[in-house]
Number of protein chains: 4
Amino acid sequence: MEQELERDLIDRGVLVDPSSARGKLLTQAARLFRENGYQSTTVRDLASAVGILSGSIFHHYKNKDAILKAVMVEGIHHTMARMRRDLQRAQGTTAKLRALIACELDALNGDWGDAMAVVINEWRFLSDGGQQDILALRDEYERMWLDLLVQAEKERLITASPKVLRKLLYGAITWTDKWFDAKGELSSDQLTDAVLHLAIKPASDP
Amino acid sequence: MEQELERDLIDRGVLVDPSSARGKLLTQAARLFRENGYQSTTVRDLASAVGILSGSIFHHYKNKDAILKAVMVEGIHHTMARMRRDLQRAQGTTAKLRALIACELDALNGDWGDAMAVVINEWRFLSDGGQQDILALRDEYERMWLDLLVQAEKERLITASPKVLRKLLYGAITWTDKWFDAKGELSSDQLTDAVLHLAIKPASDP
Amino acid sequence: MEQELERDLIDRGVLVDPSSARGKLLTQAARLFRENGYQSTTVRDLASAVGILSGSIFHHYKNKDAILKAVMVEGIHHTMARMRRDLQRAQGTTAKLRALIACELDALNGDWGDAMAVVINEWRFLSDGGQQDILALRDEYERMWLDLLVQAEKERLITASPKVLRKLLYGAITWTDKWFDAKGELSSDQLTDAVLHLAIKPASDP
Amino acid sequence: MEQELERDLIDRGVLVDPSSARGKLLTQAARLFRENGYQSTTVRDLASAVGILSGSIFHHYKNKDAILKAVMVEGIHHTMARMRRDLQRAQGTTAKLRALIACELDALNGDWGDAMAVVINEWRFLSDGGQQDILALRDEYERMWLDLLVQAEKERLITASPKVLRKLLYGAITWTDKWFDAKGELSSDQLTDAVLHLAIKPASDP
DNA sequence: TATGAATGAGTGTTCATTCAT
DNA sequence: AATGAATGAACACTCATTCAT
């Protein structure tokens, strides 16, 4: 199911084929950037992770910054594609909100979790130019959230302002990267519910 | 009032006098580490920010890592002192919870906001030894939060588990560093309330 | 003849080809270390002596210590190869002893004299790890001396204990590095005889 | 006995009083220079060894080079004084030669051994000016040896030329610093005899 | 004499990037 | 595409020396 989604994006040229040389490089870069940070990961580290020499990296990407940007673009595209699909499938505002939260949480844990973690944690190391280029993508991404929260506000599901709530939720969700362990006591579903209930209080029993 | 608190800590040797050479260095280091990140801030940057030459830095601190650690220790000590005081002043669990949230939010905006932001964002760049040393301090800090949330759970003010809720709140609060502007439309008080209501449902109108 | 010996060692990978980049670096390093000492020779000195920039040094050797170690290994290997060959050629204990003395004296004056002088004079600047690695080589080297001196003792050619005599001879021989001039009045042969007669009383006239 | 010799030299202003501040500094400098080498010993090391701060060193000596020179001057003066005395006491050329050897060996092991070891091992780190100044002292020292060896040659006690023999003996003797242990199996007396027999072969039994 | 903060040139080392092969 | 030697600017850190107090 997930693979279908990916295949489609690759075929349309949005994502890089992960079995290609560039794709392998991106996968390893995402992993290394997440594990050690962008600045602590050397071009040599990247090269040796994919089995080539450092000089060869620059046949694939102009410079290190371009690799960081490419990792981020992959991460955002992938997450957005899933969000669009899951949003459509869910019925009702609360269900849709739960879907978005689940997507964003899973984005940090699933196959493309490395890339999305890089978007969040290494953002400030992306060059100004790179940030500009990606900002449009992020705006589109955020609009999906805001539109839904505005709807939730109309339905009086939430009390805080959509903009503020979104940012608080974003912080809470992205920080899970630092502490949540999918194999621990707390399940992904329980975590999703916990986050959902930050925004929406469960209907009290009468 | 705030200054009294600080003066006391300085006199007791917990904090460095900010008017001393070491103090000035720490203040500037906190600012630069926050603005540009630990790794992107060079020792020469630090030196020129306090008007000395790079070699002189090492008369005050053994190495760059020691400066990072000192900044963090300052930040945590300062925040903890305020938390202890405000916790005592507040009456009732809800008020105490609001006090902790306010402290943590202010910790990122007040005079020592730079240092506290460094604790959060540059943690992984601190050497293993440094992390060990500070961990005890952080534990003490987190215990204040957990004890209060456990109490809130007993009083059925919160529904999520204290541990999970603390981490979600921590993420939401620390992320404000990236978007909240004290001079913007949203006041500090309003932000504090918004965070409080992530944890506690506002009392319903009778 | 000497060149054959060298060529063989290079082909077997024991020695570095002196016409390669690494080899040139080693030759110059040996010379500079001998002339100015290890600590007084900067990496920049080494680089400029072979016509590259300082950063490029580290493509060939991990660090400065590795260069020192490599110089020493070259020196010892070269000297040992000559000692083995000349020992085999000489007939009789006295002739063999003279051969060893000549080898050790020449080791400080010939093409690889710089490297051997570095072994003697810069030993204490080699890292502990490096010393460990080379110690095995030195042991092998010293065993050749000791075995011969033990034989000489059996034949009553020498009176002092082999161990003590070896050390006294070692000091006398290596110190020639500081005063002996091959182009001076005293010839190499005469010097060799002088050292030989420290150990062995010249045959009395009948 | 030894102390009388020292006291006399101190009173005549040749040596520095070891109980004075300068004297303590020199004693510690000799020890540190011997143990770690001149270049590896920092001015801070010297200062902390005598319990002062680094800046204060320069009230006693103009610079680090002056300390090295002072250590060497002490060492040579002390050794020469002993050599003069013991030479006078000994009767006969062989006895005198044995006395000189004993003096030079003891110079490396006795109270002033550190200083004399520094003369030998750190010589090349002394500035050119410093070397010039000390050379006269060393010449005087060496003349005592040469005069005696010339006499020994006349008496046909030795076969090698006095100049060459002196240098070979110097090498053999100074190298003992690296291996001889006064508490080991070999006694000082035995070592002295061993060195003596490098120069003079014991009369063979008829 | 002693202090200790400051100097400033210098050290070994790193690393993204280039380029002839 | 890939190599790998070379670049060169930058880095954290060292240390003999100075000097106002």
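The chains referred to below are lettered A, B, ... by the order of the sequence lines, with proteins before strands, and numbering in each begins at 1.
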Which side chain to side chain donor-acceptor pair (under 3.5 Å) pairs, counting each pair once, include a residue from residues 116-131 of chain A, with sequence neighbours left out?
A/Asp65-A/Ser127, A/Asn121-A/Asp177, A/Asn121-A/Lys178, A/Glu122-B/Arg124, A/Arg124-B/Glu122
Go through the steps for D/Leu46 and D/Gln28 under the test side chain to side chain contact (heavy atoms under 4.5 Å, CB included), then give the verdict.
CA-CA 7 Å; D/Leu46 295 175; D/Gln28 294 300 318; 5.7 Å; no
Whole-Å distance between F/dT3 P and A/Ile57 CD1?
10 Å
Contact list for residues 35-72 of chain B, test ring-ring contact (aromatic ring centres under 6.0 Å, His included), sequence neighbours left out
B/Phe33-B/Tyr38
Whole angstroms only, please: what is the NZ-P distance between D/Lys24 and E/dA2?
10 Å
Residue pair B/Ile67, B/Ile57: steps toward the side chain to side chain contact (heavy atoms under 4.5 Å, CB included) verdict
CA-CA 9 Å; B/Ile67 301 176; B/Ile57 290 275; 3.7 Å; yes
Value in whole Å for how far the P atom of E/dG4 lies from OH of B/Tyr61
17 Å
State, yes or no, whether a side-chain contact exists between D/Arg138 and D/Val119 at a heavy-atom distance under 4.5 Å.
yes
Which stems, defined as runs of 3 or more consecutive Watson-Crick or G-U wobble pairs with both pairing distances under 3.5 Å, involve DNA chain F?
E:2-21 with F:2-21
Quick one: side chain to side chain donor-acceptor pair (under 3.5 Å) pairs with a partner in residues 47-57 of chain A, sequence neighbours left out?
none
Report the distance from atom CG of B/Leu25 to atom P of E/dA5, rounded to the nearest whole Å.
12 Å
Assign a letter to each nucleotide of nucleotides 11-17 of chain F from its 5' end: B, base within under 4.0 Å of a protein heavy atom; S, sugar-phosphate only; -, no contact.
SBBBBSB
Atom CG of C/Asp111 with >12 non-hydrogen neighbours under 6.0 angstrom
no
Contact class for C/Ile52 (heavy atom, under 4.0 Å): base, sugar-phosphate, or nothing?
sugar-phosphate
With a cut-off of less than 4.0 Å, is there a side-chain N or O of D/His60 near OP1 or OP2 of E/dA2?
yes
Which salt bridge (charged side-chain N to carboxylate O under 4.0 Å, His left out) pairs, counting each pair once, include a residue from residues 20-33 of chain D, with sequence neighbours left out?
D/Arg31-D/Glu35
To the nearest Å, give me how far apart CG (C/Leu53) and C1' (F/dT7) are.
6 Å
